[in-house]
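Here's the structure we're looking at; comments come further down.
All values reported here derive from a predicted model rather than from experimental measurement. Below, each value reflects all heavy atoms present in this structure, side chains not excepted, and no hydrogens, waters or symmetry copies. Sequence lines set the chain letters: A, B, ... in the order given, protein chains first and strands last, and positions in each chain run from 1.
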Amino acid sequence: MYCKPDFERVRTALLCLGEPDRVPLMELGVDKRIKEVFLKKKIETLKDEVEFWYTAGYDYINLSAKYNIDLLSGKRQVVNKRAWADENIGVISTEEDFENYPFEEIEKTMDFSVFEEIQQLLPPGMKIIARAADIFTFSWQLFGFENFCFAMFEKIELVSRVMNRVGEIVFKMLEREVSYPNIGAIWYSDDIAYVGGFMVSPEFLRTHLFPWIKKMGDLAKSKNIPLIYHTDGNILPVIDELIELGINALHPIEPKAMDIRELKKKYGGKLCLIGNVDVDILCRGTPEDVEDLVKQLIRDVAPGGGLCIGSSNSVPNYVKVENYKTMIETVKKYGSYPIRI
Amino acid sequence: MLEDIRNAIIKGNYKNIEQFVINAIQNGYSPHDIINNALLKGMEEVGVKFKSGQVFIPEVLASAKAMKTAMNTLRPYIKKETVKPIGKFIIGAVKNDLHDIGTTLVAIMFESNGFEVKHLGVDVSAEKFIEEIKQYSPDIVGLSALLTTTMLNMKLTIQKITEAGLRDKVKIMVGGAPVTQEFADEIGADGYAPDAVSAVEKAKALLGIR
(Lines give C-alpha, C1' and ligand atoms only; values in the text may rest on other atoms or scores of the structure.)
Protein backbone atom coordinates (compact mmCIF):
# COMPACT_ATOMS: atom_id res chain seq x y z
CA MET A 1 0.00 0.00 0.00
CA TYR A 2 1.52 3.31 -1.07
CA CYS A 3 1.34 6.31 1.20
CA LYS A 4 2.66 9.69 0.14
CA PRO A 5 5.27 10.90 2.64
CA ASP A 6 4.31 13.88 4.72
CA PHE A 7 6.51 14.85 7.63
CA GLU A 8 3.69 17.00 9.00
CA ARG A 9 1.97 13.83 10.22
CA VAL A 10 5.14 12.92 12.13
CA ARG A 11 5.48 16.44 13.53
CA THR A 12 1.83 16.45 14.62
CA ALA A 13 2.31 13.14 16.40
CA LEU A 14 5.67 14.03 17.99
CA LEU A 15 4.41 17.34 19.37
CA CYS A 16 1.03 15.87 20.44
CA LEU A 17 -0.82 18.42 18.33
CA GLY A 18 -3.83 16.15 17.86
CA GLU A 19 -4.60 13.46 15.34
CA PRO A 20 -2.71 13.58 12.02
CA ASP A 21 -4.12 11.88 8.93
CA ARG A 22 -2.69 8.53 10.01
CA VAL A 23 -0.40 6.95 12.59
CA PRO A 24 3.18 7.50 11.40
CA LEU A 25 5.64 4.66 11.04
CA MET A 26 8.94 5.15 12.84
CA GLU A 27 12.15 3.16 13.27
CA LEU A 28 15.53 4.18 14.63
CA GLY A 29 17.26 1.53 12.56
CA VAL A 30 16.49 -1.24 10.09
CA ASP A 31 19.14 -3.80 9.24
CA LYS A 32 20.56 -3.61 5.72
CA ARG A 33 19.53 -7.20 4.94
CA ILE A 34 15.91 -6.43 5.75
CA LYS A 35 16.00 -3.30 3.59
CA GLU A 36 17.55 -5.20 0.66
CA VAL A 37 15.03 -8.06 0.83
CA PHE A 38 12.21 -5.52 1.12
CA LEU A 39 13.40 -3.47 -1.86
CA LYS A 40 14.67 -6.50 -3.79
CA LYS A 41 17.93 -4.71 -4.48
CA LYS A 42 21.25 -3.89 -2.88
CA ILE A 43 21.46 -0.80 -0.70
CA GLU A 44 24.71 0.84 -1.74
CA THR A 45 24.13 4.56 -1.96
CA LEU A 46 22.28 7.26 -0.09
CA LYS A 47 19.78 7.27 -2.97
CA ASP A 48 19.08 3.56 -2.27
CA GLU A 49 18.55 4.38 1.42
CA VAL A 50 16.09 7.13 0.57
CA GLU A 51 14.30 4.72 -1.76
CA PHE A 52 13.87 2.23 1.07
CA TRP A 53 12.46 4.69 3.60
CA TYR A 54 10.19 6.23 0.96
CA THR A 55 8.93 2.91 -0.42
CA ALA A 56 8.34 1.40 3.01
CA GLY A 57 6.15 4.35 3.93
CA TYR A 58 8.24 6.47 6.28
CA ASP A 59 8.07 10.25 6.22
CA TYR A 60 11.71 10.81 7.07
CA ILE A 61 15.20 9.50 6.79
CA ASN A 62 17.38 9.62 9.87
CA LEU A 63 20.98 10.62 9.36
CA SER A 64 24.09 11.12 11.41
CA ALA A 65 27.42 12.70 10.62
CA LYS A 66 30.13 10.11 10.07
CA TYR A 67 32.67 9.99 12.89
CA ASN A 68 35.24 7.64 14.33
CA ILE A 69 32.98 5.56 16.53
CA ASP A 70 35.76 3.14 17.45
CA LEU A 71 37.75 6.01 18.90
CA LEU A 72 34.79 7.56 20.72
CA SER A 73 33.84 4.22 22.28
CA GLY A 74 37.41 3.18 23.03
CA LYS A 75 37.64 0.13 20.85
CA ARG A 76 41.05 0.99 19.47
CA GLN A 77 44.51 1.24 20.89
CA VAL A 78 45.25 4.89 21.28
CA VAL A 79 46.84 5.48 24.62
CA ASN A 80 50.32 4.84 26.01
CA LYS A 81 51.19 1.15 26.38
CA ARG A 82 47.63 -0.11 26.33
CA ALA A 83 46.78 -2.54 23.57
CA TRP A 84 43.28 -3.34 22.31
CA ALA A 85 40.66 -2.15 24.75
CA ASP A 86 39.47 -4.89 27.03
CA GLU A 87 35.69 -4.93 27.35
CA ASN A 88 35.89 -4.60 31.09
CA ILE A 89 38.89 -2.28 31.38
CA GLY A 90 38.50 0.20 28.52
CA VAL A 91 41.05 2.76 27.43
CA ILE A 92 40.66 5.44 30.09
CA SER A 93 41.47 4.75 33.73
CA THR A 94 43.58 7.73 34.76
CA GLU A 95 43.89 11.47 34.27
CA GLU A 96 46.87 10.79 32.04
CA ASP A 97 44.79 8.48 29.82
CA PHE A 98 42.18 11.23 29.54
CA GLU A 99 44.69 13.99 28.79
CA ASN A 100 46.34 11.89 26.09
CA TYR A 101 43.14 10.65 24.47
CA PRO A 102 42.76 11.97 20.89
CA PHE A 103 39.36 13.59 21.29
CA GLU A 104 40.43 16.36 18.88
CA GLU A 105 41.01 13.78 16.17
CA ILE A 106 37.38 12.64 16.50
CA GLU A 107 36.18 16.22 16.08
CA LYS A 108 38.53 17.04 13.19
CA THR A 109 37.58 13.97 11.17
CA MET A 110 33.79 14.32 11.44
CA ASP A 111 32.13 14.18 8.05
CA PHE A 112 28.81 15.97 7.45
CA SER A 113 28.70 15.46 3.67
CA VAL A 114 25.66 13.18 3.89
CA PHE A 115 23.62 16.22 5.02
CA GLU A 116 24.61 18.01 1.81
CA GLU A 117 24.13 15.01 -0.46
CA ILE A 118 20.64 14.31 0.90
CA GLN A 119 19.30 17.74 -0.09
CA GLN A 120 18.99 16.76 -3.79
CA LEU A 121 17.57 13.34 -2.97
CA LEU A 122 14.76 14.12 -0.54
CA PRO A 123 11.35 13.45 -2.10
CA PRO A 124 8.65 16.10 -1.51
CA GLY A 125 7.09 15.68 1.93
CA MET A 126 10.05 13.87 3.47
CA LYS A 127 12.39 15.44 5.99
CA ILE A 128 15.59 14.53 7.77
CA ILE A 129 15.79 13.47 11.40
CA ALA A 130 19.19 14.45 12.81
CA ARG A 131 20.68 11.71 14.96
CA ALA A 132 23.06 11.95 17.90
CA ALA A 133 23.91 9.37 20.48
CA ASP A 134 25.52 7.94 23.50
CA ILE A 135 27.14 10.56 25.73
CA PHE A 136 26.63 8.20 28.69
CA THR A 137 27.28 5.02 26.68
CA PHE A 138 30.51 6.19 25.04
CA SER A 139 31.72 7.45 28.41
CA TRP A 140 31.29 4.13 30.15
CA GLN A 141 32.66 2.29 27.14
CA LEU A 142 35.82 4.38 27.34
CA PHE A 143 36.33 3.17 30.91
CA GLY A 144 34.92 -0.32 30.44
CA PHE A 145 31.62 -0.76 32.27
CA GLU A 146 32.90 -2.32 35.49
CA ASN A 147 35.75 0.17 35.74
CA PHE A 148 33.31 2.98 35.11
CA CYS A 149 31.18 1.78 38.01
CA PHE A 150 34.15 1.79 40.37
CA ALA A 151 35.40 5.11 38.98
CA MET A 152 32.03 6.59 39.96
CA PHE A 153 33.11 6.00 43.59
CA GLU A 154 36.84 6.50 43.35
CA LYS A 155 37.38 8.99 40.53
CA ILE A 156 34.17 10.92 40.08
CA GLU A 157 36.05 14.03 38.87
CA LEU A 158 37.60 12.01 36.06
CA VAL A 159 34.22 10.48 35.18
CA SER A 160 32.73 13.96 35.09
CA ARG A 161 35.46 15.27 32.83
CA VAL A 162 35.12 12.36 30.42
CA MET A 163 31.35 12.78 30.24
CA ASN A 164 31.75 16.50 29.66
CA ARG A 165 34.28 16.00 26.90
CA VAL A 166 32.19 13.37 25.17
CA GLY A 167 29.11 15.55 25.65
CA GLU A 168 30.88 18.48 23.98
CA ILE A 169 31.77 16.36 20.96
CA VAL A 170 28.29 14.89 20.55
CA PHE A 171 26.46 18.18 21.13
CA LYS A 172 28.65 20.16 18.73
CA MET A 173 28.06 17.47 16.13
CA LEU A 174 24.31 17.81 16.65
CA GLU A 175 24.43 21.62 16.44
CA ARG A 176 26.11 21.36 13.06
CA GLU A 177 23.68 18.66 11.85
CA VAL A 178 20.61 20.80 12.60
CA SER A 179 22.14 23.77 10.77
CA TYR A 180 21.40 22.03 7.48
CA PRO A 181 18.12 22.54 5.60
CA ASN A 182 15.13 20.18 5.90
CA ILE A 183 15.77 18.94 9.43
CA GLY A 184 12.41 17.87 10.85
CA ALA A 185 13.43 16.54 14.29
CA ILE A 186 16.30 15.45 16.52
CA TRP A 187 16.61 11.82 17.65
CA TYR A 188 18.98 11.32 20.58
CA SER A 189 19.66 7.75 21.69
CA ASP A 190 21.50 6.73 24.85
CA ASP A 191 20.56 3.63 26.88
CA ILE A 192 20.29 4.40 30.59
CA ALA A 193 18.13 1.48 31.69
CA TYR A 194 17.18 -2.11 31.12
CA VAL A 195 13.99 -4.03 31.90
CA GLY A 196 14.84 -4.09 35.62
CA GLY A 197 15.48 -0.35 35.90
CA PHE A 198 18.28 2.16 35.65
CA MET A 199 21.86 1.04 35.02
CA VAL A 200 23.15 3.73 37.36
CA SER A 201 21.39 6.02 39.84
CA PRO A 202 19.06 8.74 38.55
CA GLU A 203 21.09 11.18 40.67
CA PHE A 204 24.17 10.44 38.59
CA LEU A 205 22.20 10.86 35.37
CA ARG A 206 20.73 14.17 36.60
CA THR A 207 24.20 15.53 37.29
CA HIS A 208 26.08 14.21 34.29
CA LEU A 209 23.70 13.44 31.43
CA PHE A 210 20.49 15.42 31.84
CA PRO A 211 22.21 18.84 31.43
CA TRP A 212 23.17 17.67 27.92
CA ILE A 213 19.61 16.56 27.23
CA LYS A 214 18.44 20.02 28.39
CA LYS A 215 20.84 21.61 25.89
CA MET A 216 19.39 19.38 23.17
CA GLY A 217 15.89 20.33 24.26
CA ASP A 218 16.79 24.02 24.05
CA LEU A 219 18.43 23.48 20.66
CA ALA A 220 15.32 21.68 19.37
CA LYS A 221 13.07 24.50 20.63
CA SER A 222 15.29 27.14 19.02
CA LYS A 223 14.83 25.34 15.70
CA ASN A 224 11.13 24.71 16.34
CA ILE A 225 11.58 20.97 15.89
CA PRO A 226 10.69 18.04 18.16
CA LEU A 227 13.21 16.08 20.25
CA ILE A 228 12.91 12.30 20.43
CA TYR A 229 14.77 10.33 23.10
CA HIS A 230 15.60 6.65 22.77
CA THR A 231 16.47 4.47 25.71
CA ASP A 232 15.83 0.80 26.38
CA GLY A 233 14.25 -0.27 29.61
CA ASN A 234 12.14 1.14 32.39
CA ILE A 235 12.65 4.86 33.03
CA LEU A 236 9.29 5.64 34.66
CA PRO A 237 10.78 7.63 37.60
CA VAL A 238 12.39 10.24 35.33
CA ILE A 239 9.84 10.70 32.54
CA ASP A 240 8.38 13.87 34.05
CA GLU A 241 11.87 15.34 34.31
CA LEU A 242 12.70 14.43 30.72
CA ILE A 243 9.57 16.21 29.54
CA GLU A 244 10.68 19.29 31.51
CA LEU A 245 14.09 19.07 29.83
CA GLY A 246 12.43 19.26 26.42
CA ILE A 247 11.83 15.66 25.31
CA ASN A 248 8.72 15.54 23.12
CA ALA A 249 8.75 11.82 22.32
CA LEU A 250 10.01 8.61 23.87
CA HIS A 251 11.23 5.50 22.00
CA PRO A 252 10.97 2.47 21.91
CA ILE A 253 8.70 1.57 24.87
CA GLU A 254 9.86 -2.04 25.28
CA PRO A 255 6.73 -4.01 26.21
CA LYS A 256 8.56 -5.91 28.99
CA ALA A 257 9.82 -2.66 30.51
CA MET A 258 6.91 -0.19 30.40
CA ASP A 259 3.19 -0.41 29.67
CA ILE A 260 2.41 1.84 26.72
CA ARG A 261 -1.29 1.98 27.60
CA GLU A 262 -0.49 3.24 31.11
CA LEU A 263 1.95 5.77 29.64
CA LYS A 264 -0.74 7.02 27.26
CA LYS A 265 -3.16 7.45 30.16
CA LYS A 266 -0.60 9.40 32.19
CA TYR A 267 1.20 11.36 29.47
CA GLY A 268 -1.29 11.62 26.63
CA GLY A 269 -1.05 15.09 25.13
CA LYS A 270 2.37 15.71 26.71
CA LEU A 271 4.59 12.92 25.41
CA CYS A 272 4.48 11.10 22.08
CA LEU A 273 5.08 7.35 22.34
CA ILE A 274 7.06 5.56 19.62
CA GLY A 275 7.64 1.89 18.89
CA ASN A 276 6.27 -0.90 21.10
CA VAL A 277 5.81 -3.72 18.54
CA ASP A 278 7.63 -6.55 20.31
CA VAL A 279 10.83 -7.56 18.49
CA ASP A 280 10.29 -11.08 19.81
CA ILE A 281 6.96 -11.30 17.95
CA LEU A 282 8.56 -9.81 14.82
CA CYS A 283 11.20 -12.55 15.05
CA ARG A 284 9.32 -15.61 16.23
CA GLY A 285 5.66 -14.81 15.64
CA THR A 286 3.46 -15.24 12.61
CA PRO A 287 2.16 -12.46 10.36
CA GLU A 288 -1.24 -13.00 12.03
CA ASP A 289 0.35 -12.43 15.47
CA VAL A 290 1.93 -9.21 14.20
CA GLU A 291 -1.27 -7.96 12.63
CA ASP A 292 -3.26 -8.61 15.83
CA LEU A 293 -0.64 -6.89 17.96
CA VAL A 294 -0.46 -3.81 15.76
CA LYS A 295 -4.26 -3.53 15.47
CA GLN A 296 -4.59 -3.67 19.28
CA LEU A 297 -1.90 -1.01 19.64
CA ILE A 298 -3.67 1.27 17.18
CA ARG A 299 -7.05 0.66 18.81
CA ASP A 300 -5.81 1.30 22.36
CA VAL A 301 -3.13 3.97 22.00
CA ALA A 302 -3.63 5.86 18.73
CA PRO A 303 -6.83 7.80 19.50
CA GLY A 304 -5.97 11.41 20.27
CA GLY A 305 -2.67 11.20 18.41
CA GLY A 306 0.77 11.09 20.04
CA LEU A 307 1.64 7.61 18.74
CA CYS A 308 4.13 6.47 16.10
CA ILE A 309 4.44 2.74 15.50
CA GLY A 310 7.56 0.66 15.02
CA SER A 311 9.53 -2.17 16.58
CA SER A 312 10.26 -2.19 20.31
CA ASN A 313 13.94 -1.55 19.62
CA SER A 314 15.08 -1.72 15.98
CA VAL A 315 14.65 -4.19 13.13
CA PRO A 316 17.68 -6.53 13.28
CA ASN A 317 18.64 -9.00 10.56
CA TYR A 318 16.93 -11.91 12.34
CA VAL A 319 13.43 -10.41 12.07
CA LYS A 320 11.25 -12.24 9.53
CA VAL A 321 10.79 -9.90 6.58
CA GLU A 322 7.14 -10.94 6.15
CA ASN A 323 6.50 -9.87 9.75
CA TYR A 324 8.20 -6.53 9.19
CA LYS A 325 6.07 -6.02 6.06
CA THR A 326 2.93 -7.01 7.97
CA MET A 327 3.70 -4.45 10.68
CA ILE A 328 3.99 -1.57 8.24
CA GLU A 329 1.06 -2.67 6.09
CA THR A 330 -1.20 -3.04 9.14
CA VAL A 331 -0.36 0.50 10.23
CA LYS A 332 -1.17 1.79 6.76
CA LYS A 333 -4.40 -0.21 6.55
CA TYR A 334 -5.83 0.50 10.01
CA GLY A 335 -3.95 3.58 11.18
CA SER A 336 -5.97 6.32 9.45
CA TYR A 337 -7.68 8.76 11.77
CA PRO A 338 -10.31 8.66 13.09
CA ILE A 339 -9.42 5.16 14.24
CA ARG A 340 -12.20 2.71 13.45
CA ILE A 341 -11.00 -0.61 14.88
CA MET B 1 31.42 -4.91 65.15
CA LEU B 2 29.27 -7.17 63.05
CA GLU B 3 27.16 -4.09 62.38
CA ASP B 4 30.22 -2.26 60.98
CA ILE B 5 30.87 -5.17 58.64
CA ARG B 6 27.23 -5.42 57.60
CA ASN B 7 27.09 -1.68 56.90
CA ALA B 8 30.34 -1.83 54.93
CA ILE B 9 28.74 -4.44 52.70
CA ILE B 10 25.56 -2.41 52.29
CA LYS B 11 27.46 0.78 51.51
CA GLY B 12 30.06 -0.95 49.32
CA ASN B 13 32.87 0.18 51.57
CA TYR B 14 35.47 -2.16 50.14
CA LYS B 15 38.35 0.04 51.32
CA ASN B 16 37.68 -0.30 55.04
CA ILE B 17 35.98 -3.67 55.36
CA GLU B 18 39.25 -5.56 55.74
CA GLN B 19 40.00 -3.70 58.99
CA PHE B 20 36.47 -4.24 60.27
CA VAL B 21 36.83 -7.98 59.66
CA ILE B 22 40.22 -8.10 61.38
CA ASN B 23 38.79 -6.19 64.35
CA ALA B 24 35.96 -8.68 64.62
CA ILE B 25 38.30 -11.68 64.45
CA GLN B 26 40.58 -10.14 67.06
CA ASN B 27 37.58 -9.58 69.30
CA GLY B 28 36.63 -13.20 69.16
CA TYR B 29 33.97 -13.37 66.47
CA SER B 30 34.11 -16.59 64.48
CA PRO B 31 34.35 -16.60 60.68
CA HIS B 32 31.03 -18.45 60.66
CA ASP B 33 29.41 -15.65 62.66
CA ILE B 34 30.92 -12.94 60.49
CA ILE B 35 29.83 -14.66 57.28
CA ASN B 36 26.29 -15.52 58.33
CA ASN B 37 25.39 -12.56 60.53
CA ALA B 38 27.25 -9.76 58.79
CA LEU B 39 28.33 -10.57 55.26
CA LEU B 40 25.38 -12.61 54.05
CA LYS B 41 22.90 -10.42 55.91
CA GLY B 42 24.50 -7.35 54.33
CA MET B 43 24.29 -8.81 50.81
CA GLU B 44 20.71 -9.88 51.44
CA GLU B 45 19.85 -6.25 52.15
CA VAL B 46 21.76 -5.16 49.05
CA GLY B 47 19.65 -7.61 47.06
CA VAL B 48 16.44 -6.16 48.49
CA LYS B 49 17.57 -2.61 47.72
CA PHE B 50 18.63 -3.61 44.18
CA LYS B 51 15.34 -5.31 43.46
CA SER B 52 13.37 -2.32 44.75
CA GLY B 53 15.41 0.21 42.76
CA GLN B 54 17.13 1.90 45.69
CA VAL B 55 20.61 0.92 44.53
CA PHE B 56 21.94 0.16 41.07
CA ILE B 57 24.64 -1.83 39.30
CA PRO B 58 27.63 0.24 40.53
CA GLU B 59 26.48 -0.07 44.15
CA VAL B 60 26.01 -3.83 43.78
CA LEU B 61 29.48 -4.19 42.26
CA ALA B 62 30.97 -2.17 45.14
CA SER B 63 29.14 -4.34 47.69
CA ALA B 64 30.35 -7.45 45.89
CA LYS B 65 33.91 -6.14 45.99
CA ALA B 66 33.51 -5.52 49.72
CA MET B 67 32.21 -9.08 50.11
CA LYS B 68 35.13 -10.50 48.15
CA THR B 69 37.62 -8.47 50.21
CA ALA B 70 36.03 -9.67 53.44
CA MET B 71 36.07 -13.30 52.31
CA ASN B 72 39.73 -13.04 51.30
CA THR B 73 40.53 -11.60 54.74
CA LEU B 74 38.64 -14.44 56.43
CA ARG B 75 40.05 -17.24 54.31
CA PRO B 76 43.07 -18.04 56.55
CA TYR B 77 40.70 -18.40 59.51
CA ILE B 78 38.16 -20.63 57.84
CA LYS B 79 38.24 -24.36 58.33
CA LYS B 80 37.05 -25.85 55.05
CA GLU B 81 34.34 -28.00 56.55
CA THR B 82 32.66 -25.22 58.52
CA VAL B 83 31.53 -23.29 55.48
CA LYS B 84 29.52 -25.56 53.28
CA PRO B 85 27.84 -23.98 50.25
CA ILE B 86 24.07 -24.41 50.03
CA GLY B 87 24.41 -25.43 46.41
CA LYS B 88 26.62 -25.27 43.34
CA PHE B 89 25.74 -23.01 40.43
CA ILE B 90 27.24 -22.57 37.01
CA ILE B 91 26.23 -19.72 34.73
CA GLY B 92 27.10 -18.46 31.29
CA ALA B 93 25.78 -16.57 28.33
CA VAL B 94 24.83 -19.03 25.59
CA LYS B 95 26.57 -19.50 22.25
CA ASN B 96 27.00 -16.26 20.25
CA ASP B 97 25.85 -14.07 23.14
CA LEU B 98 28.62 -11.77 24.35
CA HIS B 99 27.01 -9.74 27.10
CA ASP B 100 28.18 -10.47 30.62
CA ILE B 101 27.15 -7.77 33.08
CA GLY B 102 23.82 -9.49 33.74
CA THR B 103 25.44 -12.87 34.42
CA THR B 104 28.04 -11.17 36.62
CA LEU B 105 25.27 -9.68 38.76
CA VAL B 106 23.49 -13.03 39.00
CA ALA B 107 26.76 -14.74 39.98
CA ILE B 108 27.32 -12.10 42.67
CA MET B 109 23.84 -12.66 44.11
CA PHE B 110 24.23 -16.44 44.16
CA GLU B 111 27.66 -16.26 45.78
CA SER B 112 26.51 -13.84 48.41
CA ASN B 113 23.62 -16.13 49.24
CA GLY B 114 25.92 -19.02 50.01
CA PHE B 115 26.19 -20.79 46.65
CA GLU B 116 29.47 -21.92 45.20
CA VAL B 117 29.55 -20.34 41.76
CA LYS B 118 31.43 -20.99 38.57
CA HIS B 119 31.03 -18.29 35.92
CA LEU B 120 31.67 -19.69 32.46
CA GLY B 121 31.70 -16.33 30.72
CA VAL B 122 30.13 -15.56 27.38
CA ASP B 123 29.59 -17.39 24.09
CA VAL B 124 29.36 -20.72 25.94
CA SER B 125 28.56 -23.69 23.72
CA ALA B 126 26.23 -26.50 24.72
CA GLU B 127 29.26 -28.79 24.69
CA LYS B 128 31.02 -26.58 27.23
CA PHE B 129 27.98 -26.60 29.52
CA ILE B 130 27.89 -30.42 29.26
CA GLU B 131 31.61 -30.67 30.06
CA GLU B 132 31.16 -28.44 33.11
CA ILE B 133 28.13 -30.40 34.33
CA LYS B 134 30.17 -33.61 34.15
CA GLN B 135 33.23 -32.15 35.87
CA TYR B 136 31.72 -29.74 38.38
CA SER B 137 28.40 -31.45 39.24
CA PRO B 138 26.38 -28.27 39.76
CA ASP B 139 22.92 -28.29 41.25
CA ILE B 140 21.74 -25.43 39.05
CA VAL B 141 22.77 -24.41 35.53
CA GLY B 142 22.00 -20.82 34.54
CA LEU B 143 21.66 -19.86 30.87
CA SER B 144 21.59 -16.20 29.87
CA ALA B 145 20.89 -14.39 26.60
CA LEU B 146 20.41 -10.77 25.64
CA LEU B 147 19.06 -11.14 22.12
CA THR B 148 16.05 -12.98 20.70
CA THR B 149 18.34 -14.66 18.20
CA THR B 150 20.80 -16.01 20.80
CA MET B 151 17.98 -16.94 23.18
CA LEU B 152 17.14 -19.74 20.75
CA ASN B 153 20.46 -21.37 21.68
CA MET B 154 19.03 -21.99 25.14
CA LYS B 155 16.64 -24.54 23.60
CA LEU B 156 19.53 -26.19 21.78
CA THR B 157 21.63 -26.29 24.95
CA ILE B 158 18.85 -27.96 26.93
CA GLN B 159 18.31 -30.47 24.10
CA LYS B 160 21.98 -31.39 24.06
CA ILE B 161 22.14 -31.70 27.84
CA THR B 162 19.18 -34.08 27.61
CA GLU B 163 20.78 -36.09 24.79
CA ALA B 164 23.92 -36.39 26.93
CA GLY B 165 21.83 -38.08 29.62
CA LEU B 166 22.42 -35.28 32.12
CA ARG B 167 19.05 -33.56 32.20
CA ASP B 168 17.89 -35.10 35.45
CA LYS B 169 21.19 -34.32 37.18
CA VAL B 170 20.65 -30.55 37.15
CA LYS B 171 18.00 -27.87 37.43
CA ILE B 172 18.20 -25.45 34.51
CA MET B 173 17.25 -21.80 34.88
CA VAL B 174 17.08 -19.20 32.13
CA GLY B 175 17.12 -15.43 32.12
CA GLY B 176 17.93 -12.31 30.13
CA ALA B 177 16.20 -9.38 28.51
CA PRO B 178 14.13 -11.18 25.83
CA VAL B 179 13.38 -14.26 27.99
CA THR B 180 9.94 -14.85 29.47
CA GLN B 181 8.32 -17.51 31.63
CA GLU B 182 6.43 -18.64 28.56
CA PHE B 183 9.65 -19.19 26.64
CA ALA B 184 11.22 -20.95 29.59
CA ASP B 185 8.26 -23.34 29.73
CA GLU B 186 8.36 -23.87 25.98
CA ILE B 187 12.01 -24.99 26.03
CA GLY B 188 11.71 -27.16 29.11
CA ALA B 189 13.68 -25.04 31.59
CA ASP B 190 13.02 -25.65 35.27
CA GLY B 191 12.94 -21.99 36.16
CA TYR B 192 12.95 -18.43 34.93
CA ALA B 193 13.60 -15.24 36.85
CA PRO B 194 13.35 -11.63 35.67
CA ASP B 195 16.24 -10.35 37.81
CA ALA B 196 19.29 -11.43 39.78
CA VAL B 197 17.64 -11.38 43.19
CA SER B 198 14.56 -13.34 42.09
CA ALA B 199 16.91 -15.82 40.44
CA VAL B 200 18.36 -16.76 43.83
CA GLU B 201 14.89 -17.09 45.33
CA LYS B 202 13.82 -19.33 42.47
CA ALA B 203 16.98 -21.44 42.73
CA LYS B 204 16.44 -22.00 46.45
CA ALA B 205 12.84 -22.99 45.75
CA LEU B 206 13.97 -25.48 43.09
CA LEU B 207 16.38 -27.05 45.56
CA GLY B 208 13.89 -27.01 48.42
CA ILE B 209 16.04 -24.62 50.48
CA ARG B 210 14.38 -22.00 52.68
Side-chain angles (χ1 to χ4, degrees), chain A residues 31 33 86-88 136 140-141 143-156 159 191-205 208 232-238 252 254-257 278-285 311-320 323, chain B residues 11-15 47 49-66 68 93 96 98-102 104-106 108-109 119 121-123 145-153 155 175-183 186-187 192-199:
Chain A
D31 186 81
R33 182 194 84 90
D86 183 287
E87 208 177 346
N88 291 314
F136 171 63
W140 69 248
Q141 284 180 334
F143 278 88
F145 189 74
E146 282 194 37
N147 261 6
F148 182 82
C149 290
F150 289 112
M152 284 169 66
F153 299 114
E154 297 174 4
K155 300 176 186 178
I156 188 62
V159 167
D191 291 329
I192 58 173
Y194 56 102
V195 169
F198 295 103
M199 289 157 69
V200 299
S201 70
E203 288 72 31
F204 178 89
L205 296 169
H208 298 285
D232 293 345
N234 178 349
I235 60 158
L236 286 170
V238 301
E254 271 185 84
K256 262 182 88 177
D278 197 337
V279 173
D280 192 41
I281 305 293
L282 289 173
C283 293
R284 299 190 308 125
S311 70
S312 62
N313 183 275
S314 59
V315 183
N317 65 354
Y318 45 87
V319 157
K320 290 182 200 162
N323 285 350
Chain B
K11 292 190 185 338
N13 187 353
Y14 48 84
K15 290 193 174 164
K49 284 176 182 277
F50 184 48
K51 195 169 175 178
S52 64
Q54 295 173 67
V55 298
F56 305 89
I57 298 172
E59 287 79 14
V60 173
L61 290 177
S63 296
K65 190 169 176 178
K68 200 169 172 181
N96 296 327
L98 303 179
H99 297 83
D100 71 353
I101 278 292
T104 299
L105 288 171
V106 171
I108 286 169
M109 286 299 153
H119 195 320
V122 300
D123 191 20
L146 184 74
L147 305 176
T148 299
T149 186
T150 51
M151 176 172 99
L152 303 177
N153 285 329
K155 183 174 180 176
V179 184
T180 58
Q181 183 65 63
E182 188 190 26
F183 179 73
E186 189 187 307
I187 64 172
Y192 157 74
D195 58 73
V197 177
S198 307

Measure across B/Ile57 and A/Phe145 and return the closest heavy-atom pair with its distance rounded to 0.1 Å. CG2-CE2, 3.7 Å
On a heavy-atom basis, the closest approach of A/Phe143 and A/Ala151 is CE2-CB, 3.8 Å
Taking the side chain as everything from C-beta on, heavy atoms only, tell me whether A/Phe198 gets closer than 4.5 Å to A/Ile235. yes
Using 30° and 60° as the class limits, which term best fits the ring planes of A/His208 and A/Phe204: parallel, tilted or perpendicular? tilted
If one checks every heavy atom of B/Lys51 against chain A at 4.5 Å, the contacting part turns out to be neither
Heavy-atom distances under 4.5 Å only: say whether B/Glu59 touches chain A with side chain, backbone, both or neither. both
Okay, A/Phe150 and chain B: the region with an atom under 4.5 Å from a heavy atom over there is both
Scored by heavy-atom pairs under 4.5 Å with chain A, the best of B/Val179, B/Leu152, B/Thr180, B/Thr104 is B/Val179
Residue, of B/Ala177, B/Pro194, B/Gly53, that accumulates the most heavy atom pairs under 4.5 Å with chain A: B/Ala177
Would you tell me whether B/Ser198 and B/Asp195 have side-chain atoms, one donor and one acceptor, within less than 3.5 Å of each other? yes
